[in-house]
Amino acid sequence: MSKLTLLRGDITKLEVDAIVNAANSSLLGGGGVDGAIHRAGGPAILQDCQAIRARQGGCKTGEAVITGGGNLPARHVIHTVGPVWRGGQFDEAHLLANCYRNSLQLALEQGLKTLAFPCISTGVFGYPLEEAAPIAVETVREFLGGHPGIEEVVFCVFSPAEEKLYSALLNA
Ligand code: AR6
């Protein structure tokens, strides 16, 4: 059975098949976890992103693309684009669930077995954590139930508040 685990810390340090990046549709980097991943992973990740841009433009909200991991301990980075919070009436919940589902689907297609997610959209993009966390946990749980190929998913949280909330959801 696949495992769901919780860890507080820097996602760029994790030795998993892929870490997920909370990117933007340009795929050219930015602040938050995106900035941290590009800083730690080095220019190889940006090069791969630029190749994807040349092929298909950027990445739409809710979708996901994969690159190498550059200098990271993770072998790959799955870049997904979360929705910007605009009050909740603009399909944000569905788009956020798509980020988790499409990242997992891409991992499965690539034969990856372990991956780690940050709290997508809850930083710069302003999605309220209390609303985003249950979507993250439920979407991943549901996907893993139907796809035993993925062995472990780590929720990599950054703050004590995130840790508390996820811990309650995962133990429920
Ligand atoms: N490891 C794990 N989590 C982290 C790290 C890290 N090293 N650094 C930050 N977080 P954000 P978003 C957490 O803003 O809301 C960028 O500019 C952070 O505390 O990174 O999806 C992109 O280029 C928060 O819980 O992503 C986009 O333009 C979570 O990661 C935009 O921000 C997500 O916060 C995306 O905004």
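Whatever order the structure lists ligands and atoms in, that order sets their numbers, starting from 1. Please read all numbers here as calculations on a predicted model, not as lab measurements.
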Quiz item: Which residue and non-hydrogen atom of the protein lie closest to atom 15 (O) of ligand 1, and at what distance in Å?
Solution: Gly123 N, 2.8 Å
Quiz prompt | From CA spacing to verdict: side-chain contact (heavy atoms from CB on, under 4.5 Å), Ile45, His79 | solution = CA-CA 10 Å; Ile45 298 177; His79 306 258; 3.7 Å; yes
Exercise. Could you tell me which atoms of ligand 1, counted from 1 in the order shown, lie closer than 4.0 angstrom to a heavy atom of Cys119?
Key: 25 (O), 29 (C), 33 (C)
Practice problem: Check each atom of ligand 1 against the heavy atoms of Gly30 and keep those under 4.0 Å away; list them by number with element. | Solution: 17 (O), 23 (O)
Quiz item: Would Asp10 count as a contact of ligand 1 if the rule is a heavy atom under 4.0 Å away?
Solution: yes
Quiz prompt | Nearest protein heavy atom with distance in Å, relative to atom 16 (C) of ligand 1 | solution = Gly31 O, 3.4 Å
Quiz item: Can you tell which of Val137, Leu4, Leu6 makes a side chain to side chain contact (heavy atoms under 4.5 Å, CB included) with Leu169?
Solution: Val137
Quiz item: For atom 1 (N) of ligand 1, which of Asp34, Ile11, Asn21 has the closest heavy atom?
Solution: Ile11
Quiz item: Should you measure from each heavy atom of Asn24, which atoms of ligand 1 turn up under 4.0 Å away?
Solution: 22 (C), 23 (O), 27 (C), 28 (O)
Exercise. Among all protein heavy atoms, pick out the one at the shortest distance from atom 21 (O) of ligand 1; state its residue, atom name and that distance to 0.1 Å.
Key: Ser121 N, 2.8 Å
Quiz item: Which atoms of ligand 1 are found less than 4.0 Å from any heavy atom of Thr122?
Solution: 15 (O), 24 (C), 25 (O), 29 (C)
Exercise. Mind checking the CG-CG spacing from Leu144 to Leu108? Nearest 0.5 Å is all I need.
Key: 9.5 Å
Quiz item: Which protein non-hydrogen atom lies closest to atom 31 (C) of ligand 1, naming both residue and atom, and how far is it?
Solution: Phe125 CE2, 3.5 Å
Exercise. Please say whether Phe158 places an N or O atom under 3.5 Å from an N or O atom belonging to ligand 1.
Key: no
Quiz item: Measuring from Glu138:CD to Glu142:CD, what's the distance to the nearest 0.5 Å?
Solution: 8.0 Å
Quiz item: ligand 1 versus Ala36, non-hydrogen atoms closer than 4.0 Å: side chain, backbone, both, neither?
Solution: side chain
Quiz item: Got an N/O contact under 3.5 Å between Val124 and ligand 1?
Solution: yes
Quiz prompt | Check: Val16 main-chain N/O paired with Thr114 side-chain donor or acceptor under 3.5 Å | solution = no
Quiz item: For ligand 1, which atoms sit closer than 4.0 Å to a heavy atom of Ala22?
Solution: 21 (O), 22 (C), 26 (O), 35 (C)
Quiz item: Quick one: do Phe155 and Leu7 end up in the same hydrophobic cluster if we chain Ile, Leu, Val, Met, Phe, Trp and Tyr together by side-chain heavy atoms under 4.5 Å apart?
Solution: no
Self-check item: Minimum heavy-atom distance Gly9-Cys156, with the two atoms named
Solution: O-SG, 3.2 Å
Quiz item: Between Lys113 and Asp17, which heavy-atom pair has the shortest distance, and what is it?
Solution: N-OD2, 2.7 Å
Quiz item: What is the minimum heavy-atom distance between Phe117 and Ser103, and which atoms define it?
Solution: CE2-CB, 3.7 Å
Practice problem: May I ask whether Gly9 places a heavy atom under 4.0 Å from ligand 1? | Solution: yes
Quiz item: In terms of residue, atom name and distance, what is the protein heavy atom nearest to atom 25 (O) of ligand 1?
Solution: Glu162 OE2, 2.7 Å
Quiz item: Within less than 4.0 angstrom of ligand 1, does Gly82 place any heavy atom?
Solution: no
Self-check item: Contact check: Thr12 vs ligand 1, nitrogen or oxygen atoms, below 3.5 angstrom
Solution: no
Quiz item: Leu112 and His76: side-chain contact (heavy atoms from CB on, under 4.5 Å), yes or no, with the steps?
Solution: CA-CA 9 Å; Leu112 310 184; His76 300 273; 3.8 Å; yes
Quiz item: Stepwise, does the side-chain contact (heavy atoms from CB on, under 4.5 Å) test hold for Phe158 with Val33?
Solution: CA-CA 10 Å; Phe158 212 48; Val33 71; over 6 Å; no
Quiz item: Among Leu14, Ile120, Val33, whose heavy atom sits nearest atom 20 (O) of ligand 1?
Solution: Val33
Output a table of donor-acceptor pairs, distance under 3.5 Å, between side-chain atoms of residues 47-64 and any protein atom two or more places apart or on a different chain; print 'none' if there are none.
from  : atom 1 : to    : atom 2 : distance (Å)
Asp48 : OD2    : Gly68 : N      : 2.9
Arg53 : NH1    : Ser26 : O      : 2.8
Gln56 : NE2    : Gly58 : O      : 3.1

